[in-house]
Colleague: 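Before I ask anything, here is the structure I am working with.
Side chains included, hydrogens not; waters and symmetry mates left out as well; all remaining heavy atoms used. Convention: sequence-line order gives letters A, B, ...; per-chain numbering from 1.
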2 protein chains.
Amino acid sequence: MSDKDIQAEEQRFREYLGSKGLKFTPERQTIFRRAFATHKHFEAEDLLLSLRQDHQRVSKATIYRTLSLLVQSGHLREVIFGEKHSHYEHVHANEHHDHLICSSCSKIIEFTDEAIERLQDEVCKRYKFKAESHRMQIHGLCEDCRGGKTFSGPT
Amino acid sequence: MSDKDIQAEEQRFREYLGSKGLKFTPERQTIFRRAFATHKHFEAEDLLLSLRQDHQRVSKATIYRTLSLLVQSGHLREVIFGEKHSHYEHVHANEHHDHLICSSCSKIIEFTDEAIERLQDEVCKRYKFKAESHRMQIHGLCEDCRGGKTFSGPT
DNA sequence: CTCGATGCAAAGTATTTGCACCTAT
DNA sequence: ATAGGTGCAAATACTTTGCATCGAG
């Protein structure tokens with residue numbers, strides 16, 4: 001995602017806030033930019049620490065509140081990897097993908113598969129279900145880890 | 001799942017415990033039976049309340065400890081629906097399924113789709129990934145909740 | 001100026017753990 | 001007998017909330 005794209009997204013976030021009578025504060029800008037500066041999954045705590053390292057002080061509460069807004073505005077997507085807390089990833093405009101999660105090294109591989117997407121639509125049709133979002137994860141061992149067979153934990 | 005099957009599973013759980021030097025206590029039996037008595041998803045708290053209603057007293061700690069054992073023994077599967085806590089479902093021997101989750105009424109519809117399963121295997125092959133388990137969820141509105149709403153699809 | 005936003009600390013949830021006593025093997 | 005199990009309450013981990021103050025629109 002280019003800087004220009006990020007700028008555009010920031011503008012869109014701004015407009016989203018405006019349309020809801022909410023404000024675009026410096027804190028929200030800081031959080032927005034940091035969330036889009038990284039291209040991997042992160043948790044609320046990661047973001048907090050990352051900002052702290054650069055001496056940007058935003059309270060934990062504001063981070064949670066803003067992440068929630070960014071999910072509502074469609075800028076972030078919540079992904080849950082079997083842990084008890086939320087992970088986020090930013091939405092590169094209309095690009096959906098799913099995840100392969102290595103249970104040994106925790107590596108996360110993203111993939112897309114048109115055929116699977118189509119079949120999901122069919123399943124929905126079968127059940128007269130109106131899909132809003134979906135997520136699919138395959139847990140197992142990645143190429144590197146099947147090799148040495150390092151076994152480290154459950155699913 | 002028939003009573004006989006459940007008996008057999010209980011026996012298997014007993015053996016699993018034995019093989020690990022663990023004990024088959026009355027509490028574990030109680031929890032095992034209750035977990036298999038219901039055929040829908042449940043949370044730790046549900047199980048606790050259900051037992052309480054029948055005047056079966058098992059501590060919350062023991063429930064958590066036992067559910068964890070049942071996951072390890074392969075009797076339960078953890079399913080996570082985007083909420084912050086775990087849901088469980090018992091594993092009817094080798095029958096895998098996925099979920100449609102209604103965001104309005106929280107109804108959960110189970111489905112299986114051979115074609116999707118096959119495509120998942122292909123994705124794994126593509127990434128040289130050794131799958132151990134996978135989960136797929138589609139969030140949206142169920143037939144009832146779409147209610148009067150006009151069809152949003154084509155035609 | 002006026003709502004909405006922020007920080008902080010306290011309150012919630014869901015789950016785990018330390019410990020003294022208990023029990024299946 | 002003894003390793004492991006149990007209940008309880010306290011501790012965790014993550015997230016939300018109440019409130020006084022602040023600041024964007």
Colleague: Measure from the side-chain heavy atoms of B/Lys23 and tell me the nearest of D/dT15, C/dA9, C/dT23.
Modeller: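 Closest nucleotide among those given: C/dT23.
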
Colleague: What is the distance from CD of A/Gln29 to P of D/dA24, rounded to the nearest Å?
Modeller: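 Whole-Å distance recorded here is 11 Å.
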
Colleague: Can you measure A/Leu69 atom CG to D/dT16 atom C1' for me and round it to whole angstrom units?
Modeller: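 Taking atom C1' of D/dT16 as the reference, CG of A/Leu69 is at 14 Å.
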
Colleague: Rounded to the nearest 0.5 Å, what separation is found between the CD atom of B/Gln137 and the CE atom of A/Met136?
Modeller: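 With rounding to 0.5 Å, CD (B/Gln137) is 11.5 Å from CE (A/Met136).
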
Colleague: How long is the span from the CG atom in B/Leu119 to the CG atom in A/Leu119, to the nearest 0.5 Å?
Modeller: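 Between atom CG of B/Leu119 and atom CG of A/Leu119 there are 5.5 Å.
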
Colleague: Which nucleotide in the set D/dC8, C/dA5, D/dT15 lies at the smallest distance from any side-chain heavy atom of A/Ala44?
Modeller: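 Nearest to the side-chain atoms of A/Ala44, counting from C-beta on, is D/dT15.
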
Colleague: Could you check how far CG of B/Leu22 sits from P of C/dT25, rounded to whole Å?
Modeller: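 To the nearest whole Å, that distance equals 11 Å.
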
Colleague: So what does B/Gly18 touch, heavy atoms closer than 4.0 Å: a base, only the sugar-phosphate, or nothing?
Modeller: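 Result for B/Gly18 = nothing.
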
Colleague: With respect to the side chain of B/Tyr64, which nucleotide from D/dA24, C/dA14, D/dT15 is positioned closest?
Modeller: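 Looking only at side-chain atoms, B/Tyr64 lies closest to C/dA14.
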
Colleague: Phosphate oxygens OP1/OP2 of D/dT6: is one of them under 4.0 Å from a side-chain N or O of B/Ser59?
Modeller: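 No.
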
Colleague: What about B/Arg65, does its side chain sit under 3.5 Å from the base of D/dG4 through a donor-acceptor pair?
Modeller: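 Per atom types, no contact qualifies.
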
Colleague: Side chains of A/Thr62 and A/Glu27: do they bring a donor and an acceptor to under 3.5 Å?
Modeller: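 Side-chain D/A pair, A/Thr62 to A/Glu27: absent.
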
Colleague: Rounded to whole Å, please give me the gap between CD in B/Glu27 and P in C/dT25.
Modeller: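 Result: 12 Å.
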
Colleague: In whole Å, what is the span from the CZ atom of B/Arg14 to the P atom of D/dG4?
Modeller: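 In whole Å, D/dG4 P lies 19 Å from B/Arg14 CZ.
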
Colleague: Would you kindly give the CZ-to-C1' distance between B/Phe42 and C/dA14, to the nearest whole Å?
Modeller: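 Going from B/Phe42 (CZ) to C/dA14 (C1'), I get 16 Å.
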
Colleague: Of all the choices, C/dT6, D/dC8, C/dC8, which nucleotide is nearest to the side chain of A/Ala61 once you look at every atom?
Modeller: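 Among C/dT6, D/dC8, C/dC8, the one nearest the side chain of A/Ala61 is C/dC8.
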
Colleague: So, OP1 or OP2 of C/dT23: does either fall under 4.0 Å of a side-chain N or O from B/Thr25?
Modeller: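 Checking C/dT23 against B/Thr25, no side-chain N or O comes under 4.0 Å of OP1 or OP2.
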
Colleague: Under 4.0 Å, counting only non-hydrogen atoms across every strand here, what does A/Arg28 touch: a base, just sugar-phosphate, or nothing?
Modeller: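 Sugar-phosphate, backbone atoms only, no base.
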
Colleague: Closer than 4.0 angstrom, basic N to acidic O: yes or no for B/Glu114 and B/Arg118?
Modeller: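 Answer for the salt bridge query: yes.
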
Colleague: Report the nucleotide, chosen from C/dA5, C/dT15, D/dT6, that has the shortest atom-to-atom distance to any side-chain atom of B/His85.
Modeller: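 From the listed options, C/dT15 comes nearest.
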
Colleague: Mind calculating the distance between CG (B/Leu47) and P (C/dA14) to the nearest angstrom?
Modeller: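 The answer, rounded to whole Å, is 15 Å.
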
Colleague: For B/His41 and B/Tyr88, I'd like to know if the aromatic rings sit close, meaning centre-to-centre distance below 6.0 Å.
Modeller: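 No - the distance between ring centres of B/His41 and B/Tyr88 does not fall below the 6.0 Å cut-off.
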
Colleague: Of B/Phe24 and B/His87, whose closest DNA chain C nucleotide lies nearer the 5' terminus?
Modeller: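 Per heavy-atom nearest nucleotide, the more 5' residue is B/His87.
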
Colleague: Once you round it to whole Å, what is the distance between P of C/dG18 and NZ of B/Lys60?
Modeller: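 Value for this atom pair: 19 Å.
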
